[in-house]
Amino acid sequence: HHTHFIMSSAAQIGDRETALAAADALDRANAGAPPGSRRHDQLHAAVLHTRALFLTPEQVLALPAPAADGVKPLWLGARAEALAKLGRVEEARRELKALKGAPAPTGDMAQVVQLAAAIAEGRIEDARRRPAAAVARYEAAERIEASLGYWEPPLWPVSVAVTVAEAKARAGDAKGAAEAYARALKKQPGNRWAERGLSMAGRRVQPNPMPPPPRSAELVEALLFFT
């Protein structure tokens with residue numbers, strides 16, 4: 001549980017090294033849980049999202065398929081995103097189709113799968129150079145995120161509002177981007193992706209008063225203790 005918090009916090013502040021180290025530790029700790037159990041699937045989903053956030057598209061495509069059916073749609077969604085980022089639109093569409101045809105999990109995880117599908121659709125529209133359509137899909141994903149129950153750490157570590165803001169910025173909508181970054185900060189105070197985005201939009205953002213998560217030797221010690 002503590003490692004999950006470290007991973008989520010590191011993802012929110014853009015700390016690649018710490019987030020990926022925590023993801024590896026959480027993956028090892030989660031190996032003993034039965035695939036398909038609620039806890040296993042939630043943790044595996046969080047690990048997958050964190051890796052997709054920081055790894056290159058090629059590295060994401062090299063990730064093995066998960067054993068649990070409940071997590072496989074999210075793996076397919078990450079693959080669709082990676083392929084779209086590489087400009088391989090038809091392959092991305094095939095992964096998205098497989099995602100939508102995969103057995104759906106239950107509860108909040110079903111909504112997380114819907115969210116992942118909407119994000120993948122947005123990436124495909126980005127690859128097709130259709131910014132307005134991409135923004136619409138990301139906004140749909142943000143609405144799905146808002147319908148999720150309360151989770152700490154959140155089931156989707158970095159607020160979808162950041163993705164909306166980035167898409168609006170690419171589309172030339174500076175005002176819309178700033179508003180979306182502000183929503184992300186309201187949901188996740190101290191989110192560095194949103195702070196940097198607002199800064200680039202010409203908005204002043206107060207520095208995060210919280211200390212960063214443990215790094216290097218402190219991180220290793222923490223992960224060994226809690227896993």
Side-chain angles (χ1 to χ4, degrees), residues 1-55 59-60 63-75 77-78 105-113 115-116 119 144-163 184-196 205-227:
H1 186 66
H2 295 81
T3 307
H4 191 183
F5 269 98
I6 291 173
M7 183 182 73
S8 184
S9 298
Q12 290 176 36
I13 66 170
D15 184 345
R16 181 182 187 277
E17 178 187 353
T18 301
L20 290 177
D24 289 345
L26 190 59
D27 204 17
R28 291 192 299 272
N30 198 33
S37 68
R38 186 168 179 242
R39 183 65 176 162
H40 173 279
D41 288 2
Q42 288 168 353
L43 291 179
H44 196 111
V47 166
L48 180 59
H49 175 79
T50 300
R51 287 173 172 161
L53 183 65
F54 291 106
L55 296 179
Q59 288 172 322
V60 171
L63 294 173
D69 285 343
V71 184
K72 190 171 182 181
L74 299 178
W75 174 75
T106 59
D108 280 341
M109 285 298 293
Q111 291 168 287
V112 173
V113 169
L115 193 164
I119 292 285
I144 295 169
E145 181 189 37
S147 71
L148 291 172
Y150 175 78
W151 291 90
E152 280 295 343
L155 291 176
W156 199 265
V158 176
S159 172
V160 179
V162 170
T163 307
L185 280 172
K186 184 176 181 180
K187 185 179 179 66
Q188 296 177 335
N191 183 307
R192 297 285 172 81
W193 306 89
E195 287 181 350
R196 283 194 294 266
V205 180
Q206 293 297 321
N208 180 12
M210 299 297 291
R215 297 287 301 272
S216 58
E218 294 175 88
L219 171 66
V220 173
E221 183 180 353
L223 297 183
L224 287 174
F225 180 79
F226 290 118
T227 58

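Predicted model, so just to flag it, every value in this text is computed and none were measured.
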Quick one: closest heavy-atom pair of [X] and [Y], and the distance?
| X | Y | answer |
| --- | --- | --- |
| L53 | W193 | CD2-CZ2, 4.0 Å |
| A78 | V60 | O-CG1, 3.7 Å |
| A11 | V158 | O-CG2, 3.6 Å |
| P105 | A110 | O-CB, 3.2 Å |
| T50 | A23 | CG2-CB, 4.4 Å |
| E195 | L185 | CG-CD2, 3.8 Å |

At what distance, to the nearest 0.5 angstrom, does [atom1] of [X] lie from [atom2] of [Y]?
| X | Y | atom1 | atom2 | value |
| --- | --- | --- | --- | --- |
| W156 | L148 | CH2 | CG | 10.0 Å |
| R196 | N191 | CZ | CG | 8.5 Å |
| L115 | D108 | CG | CG | 11.0 Å |
| R51 | D27 | CZ | CG | 4.5 Å |
| R192 | D15 | CZ | CG | 9.0 Å |
| D24 | T3 | CG | OG1 | 11.5 Å |

I'd like to check the side-chain hydrogen bond (donor to acceptor under 3.5 Å, both in side chains) partners of E145; sequence neighbours left out, ordered by chain and number.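 Partners of E145 under the side-chain hydrogen bond (donor to acceptor under 3.5 Å, both in side chains) test: none.
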
Give a yes or no on whether the backbone of I6 and the side-chain of S9 come within a donor-acceptor separation of less than 3.5 Å.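 Judged by distance alone, no pair lies under 3.5 Å.
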
Q188 side-chain N/O to Q12 backbone N/O, donor-acceptor pair under 3.5 Å: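 Answer holds: no.
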
Answer whether the closest heavy-atom distance between the side chains of R16 and L55 falls below 4.5 Å.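 R16 vs L55: side chains touch.
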
Given side chains that start at C-beta, do those of H49 and L74 come closer than 4.5 Å, heavy atoms only?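 They are not in side-chain contact.
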
In chain order, what residues pass the side chain to side chain contact (heavy atoms under 4.5 Å, CB included) check against L43, with sequence neighbours excluded?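 Result, side chain to side chain contact (heavy atoms under 4.5 Å, CB included) vs L43: H4, L26, N30, R39.
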
